[in-house]
Every structure is written in C-alpha cells, then in structure tokens.
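None of these values were measured; they are calculated from a predicted model.
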Amino acid sequence: MPEDDPFENLDVPEDPTADLDRASQRLTVRTESRRYDKPVTIIEGFEGGTDVDELASKLKSAMGTGGTTKERAIELQGDHVDRVRDLLEDEGYQVE
C-alpha cells in the first residue's frame with residue numbers, strides 16, 4: 001500500500017473557518033468630512049478575531065493613502081468608498 005498522501009500538495013489554510021468568520025460580518029463603509037473639509041473613508045463593523053491592523057495595512061497599500069485604526073474601525077484618508085467596497089468583497093466580507 002503506497003504511503004503517499006493524496007492531500008499533501010493541496011493549499012489548505014491553517015484556519016479553514018476564517019472565511020466563514022469574514023462572510024458572517026456586515027461591514028459599513030461611509031465617508032465623513034473632517035478638518036478643512038477633507039474626506040475620510042470609515043469602515044466599521046469588525047467582529048471577533050479579525051486582524052483590523054493587518055487589513056488596514058492592506059487597504060492603505062492598495063489605495064496608496066494614509067490611514068489608521070480606531071476602536072475596531074479603519075479610517076482611510078480620502079474618499080475611497082467604491083474601491084474599498086470592491087476590495088473588501090474580494091476578501092470575503094459582506095459590505096452594506
């Protein structure tokens with residue numbers, strides 16, 4: 001009987017339920033005007049074990065903009081609502 005594992009070369013994530021956690025979250029994306037009428041895109045609604053700092057870093061890199069995380073929310077400089085929604089949906093999140 002061969003000792004080869006047919007599942008050895010499959011690309012299985014360490015936590016296969018992580019996608020389910022993302023899919024069950026409902027995020028909201030909105031824009032606020034801040035000081036000097038500068039727009040800020042705010043993403044809220046993260047739950048559980050979501051690494052908000054890591055996701056914020058990915059979004060900032062994709063947008064080519066600055067931003068921060070505050071109280072489990074991501075704030076990006078500028079008006080990026082449409083593009084952020086697309087990127088979050090590509091990551092597996094539900095966006096309202």
Participant: Under 3.5 Å, which donor-acceptor pairs link side chains of residues 53-67 to any protein atom two or more places apart or in another chain?
Facilitator:
| from | atom 1 | to | atom 2 | distance (Å) |
| --- | --- | --- | --- | --- |
| D53 | OD1 | T69 | OG1 | 2.8 |
| S61 | OG | S57 | O | 3.1 |
| T65 | OG1 | Q77 | O | 2.8 |

Participant: Atom CD of E91 and atom CG of L27: how far apart are they, to the nearest 0.5 Å?
Facilitator: 11.0 Å

Participant: Looking at every non-hydrogen atom in both residues, tell me the closest pair between E47 and T50 and how far apart they are.
Facilitator: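 Distance-wise, the nearest heavy atoms are O-OG1, 3.1 Å.
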
Participant: Got a sec: does the CD of E96 have more than 12 other heavy atoms crowding it under 6.0 Å?
Facilitator: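 Yes, the 6.0 Å shell around CD holds more than 12 heavy atoms from other groups.
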
Participant: Within the 4.5 Å heavy-atom criterion, are E44 and R30 side-chain neighbours or not?
Facilitator: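 Counting from C-beta outward, E44 and R30 do come under 4.5 Å.
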
Participant: According to a 4.5 Å side-chain heavy-atom criterion applied to Ile, Leu, Val, Met, Phe, Trp and Tyr, with indirect links allowed, do F46 and V81 form part of one hydrophobic cluster?
Facilitator: yes

Participant: How long is the span from the CD1 atom in I74 to the OG1 atom in T41, to the nearest 0.5 Å?
Facilitator: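 Reported value, rounded in 0.5 Å steps: 11.0 Å.
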
Participant: Heavy atoms, side chains only, cut-off 4.5 Å: are V84 and V95 in contact?
Facilitator: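 No, too far: nothing below the 4.5 Å cut-off.
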
Participant: Hydrophobic clustering (ILVMFWY, side-chain heavy atoms < 4.5 Å, transitive) - are V29 and I42 grouped together?
Facilitator: no

